[in-house]
*Asks:* 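Below: one structure in structure tokens.
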Protein chains: 2
Amino acid sequence: MDAAISVADEQGIGSLSMRMLAKTLGFGVMSLYNHVKDKDDLLDGMVNTVAAEIELPDGQATWKDGLRACMISAYRVMLSHRWLSSVWGRSPGPSKNGYHEVILRLMREAKFPEELACRGFHALTMHVTGFALQVMEMPFSNKAEFVALGNKSLNELDELEFPYLREHIHFHLEGKDQRSDFKYMLDLILDGLERDFADARKRITR
Amino acid sequence: MDAAISVADEQGIGSLSMRMLAKTLGFGVMSLYNHVKDKDDLLDGMVNTVAAEIELPDGQATWKDGLRACMISAYRVMLSHRWLSSVWGRSPGPSKNGYHEVILRLMREAKFPEELACRGFHALTMHVTGFALQVMEMPFSNKAEFVALGNKSLNELDELEFPYLREHIHFHLEGKDQRSDFKYMLDLILDGLERDFADARKRITR
DNA sequence: ACCTGAACACCGTTCAAGT
DNA sequence: ACCTGAACACCGTTCAAGT
């Protein structure tokens, strides 16, 4: 399990085959099937193991701080295991359930109505894994590759047809993009939930 | 190209192999390589072809309406080609560039400052493809499978350990979730951009 | 309970050969 | 310019055989 995770971390999930994993461990291929039902089963186990790395907030935190910290931690875990987001959606294991339970608990114990908690749950989890998926999916993995790709695109893009796209690429190449879009959108969601929550409370008290 | 797209649409991108595509077309496998450099090249072409299905707003639309319509159309296209979001991130072709250009143009011609347009661009595109990726990645594809999985999860989840997660699953199984989280978050982003834009204008006029 | 190699049914792609 | 089959180096998994 741990071996599979380090292979995926270092070589990418694409290079993780049963055959090479067995070789790494010094066994025949078929020995793996004594510890794992399937390759699917292996992947489920890997997800469950690294999902445990997500830091869950303690009982004291307010719903907003707690959620914020929790989502940032989940996002960090996804960035540190670059294969994780692409297999995150498979059948839930105990650590993923624990993470989901905490998100819902923070909202429900703060007296969010069930419907708003549901919406918040999906908005937040979709944001984290969707954003991570999208970042992982980008066709470069370091600054140099990024610059190379940017310049290549600039050469290919017609100045008259794509003026704003060219401007946008220049903007990035000049390093003027110094804020985190992940946190910007996270706060957008949290602030939106806060407003909806306030509205819901008013409606009840009235 | 069209054949590859219909195979992927009907059987999933996982079943799209060069060998079976060739068989579907009634040729030998290697004939494909006269029309396409690679399997990568094939996928790039497929993305470019369906990206052209995204409806771009005409010149009259306000930035907000135009962006909203454009993002909803893009999301619809991703839902109708269930393999699309997973390969969307590969090297950009002309129709994807056109889509990106329109997004940037709507904001820049409405006098968004460059930085805010950049942020908006990423917030919106990440939302669309991230959300689509996450939806596609879910381990069910119809109501029946969803209900089966929900009930299975309820059986496995301990009542004391995961009370809120169980409540959440019940909420879905009872069909109380009738709004679109996609549009909810889309409007969250658009409203956020509108506020930031108003702030930026105030700062300049002052 | 754990390990194993041979075998099966698949991949994408190279290469030399044809029209 | 277009098509082709054989071959190569890979997959995940089944099966029968070992300890």
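To find a chain, count down the sequence lines: A is the first, B the second, and so on, and within it residues start at 1.
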*Asks:* Please confirm whether the shortest side-chain N or O distance from A:Ser31 to OP1 or OP2 of C:dT4 is below 4.0 Å.
*Replies:*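 The answer is yes; a side-chain N or O of A:Ser31 sits under 4.0 Å from OP1 or OP2.
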
*Asks:* Salt bridge check, B:Asp40 against B:Arg90: does any charged N sit closer than 4.0 Å to a carboxylate O?
*Replies:* yes

*Asks:* Could you check how far CG of B:Leu32 sits from P of D:dA1, rounded to whole Å?
*Replies:* 19 Å

*Asks:* Could B:Arg108 and A:Glu167 be called an ion pair, given the rule that one side-chain N must be under 4.0 Å from one carboxylate O?
*Replies:* yes

*Asks:* Whole Å only: how far is the NZ atom of A:Lys39 from the C1' atom of D:dC10?
*Replies:*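 Rounding to the nearest Å, NZ of A:Lys39 and C1' of D:dC10 are 12 Å apart.
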
*Asks:* Need to verify one output field. Residue with the more 5' nearest nucleotide on DNA chain C, B:Val29 or A:Asn34?
*Replies:* A:Asn34

*Asks:* Taking everything shown except A:Glu174 itself, do over 12 heavy atoms lie less than 6.0 Å from its CD?
*Replies:* yes

*Asks:* Report, as yes or no, whether the 6.0 Å neighbourhood of atom CD on B:Gln11 holds more than 12 heavy atoms from other residues, nucleotides or ligands.
*Replies:* yes

*Asks:* Go ahead and name the base partner of D:dT4; Watson-Crick or wobble counts if both distances stay under 3.5 Å, otherwise write none.
*Replies:* C:dA16

*Asks:* Between P on D:dT13 and CE on A:Met20, what's the gap in Å once rounded to a whole number?
*Replies:*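 A:Met20 atom CE is separated from D:dT13 atom P by 16 Å.
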
*Asks:* Under a 3.5 Å limit for both distances, which nucleotide forms a Watson-Crick or G-U wobble pair with D:dC10, could you say?
*Replies:* none

*Asks:* Reckon A:His35 has a side-chain N or O less than 4.0 Å from the OP1 or OP2 of C:dA1?
*Replies:*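 For C:dA1, neither OP1 nor OP2 has a side-chain N or O of A:His35 closer than 4.0 Å.
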
*Asks:* Of the candidate nucleotides D:dT13, D:dT4, D:dT14, which contains the atom at the shortest distance from the side chain of A:Met30?
*Replies:*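 The answer is D:dT14.
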
*Asks:* Roughly how many Å apart are D:dC11 and C:dC8, using the C1' atom of each and rounding to a whole number?
*Replies:* 12 Å

*Asks:* Do B:Arg166 and B:Asp158 meet the salt-bridge criterion of a basic N to acidic O distance under 4.0 Å?
*Replies:*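 Not counted as a salt bridge, because no side-chain N and carboxylate O are separated by less than 4.0 Å.
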
*Asks:* Whole Å only: how far is the CG atom of B:Asp41 from the C1' atom of C:dG12?
*Replies:* 14 Å

*Asks:* Let me know, please, whether B:Gly28 or A:Ser15 comes out on the 5' side of the other along DNA chain D by nearest nucleotide.
*Replies:* B:Gly28

*Asks:* Rounded to the nearest Å, what distance is computed from the NZ atom of residue B:Lys37 to the C1' atom of nucleotide C:dT14?
*Replies:*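 For the pair B:Lys37 NZ and C:dT14 C1', the rounded distance is 13 Å.
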
*Asks:* Within less than 4.0 Å of OP1 or OP2 of C:dT13, is there a side-chain N or O belonging to B:Tyr33?
*Replies:* yes

*Asks:* For the pair made of CG in A:Leu25 and P in C:dC3, what is the distance, rounded to whole Å?
*Replies:*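 After rounding, the gap between these two atoms is 10 Å.
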
*Asks:* From CE of A:Met18 over to P of C:dC11, roughly how many Å is that when rounded to an integer?
*Replies:* 19 Å

*Asks:* Rounded to whole angstroms, how far apart are CZ on A:Arg19 and C1' on D:dT13?
*Replies:* 9 Å

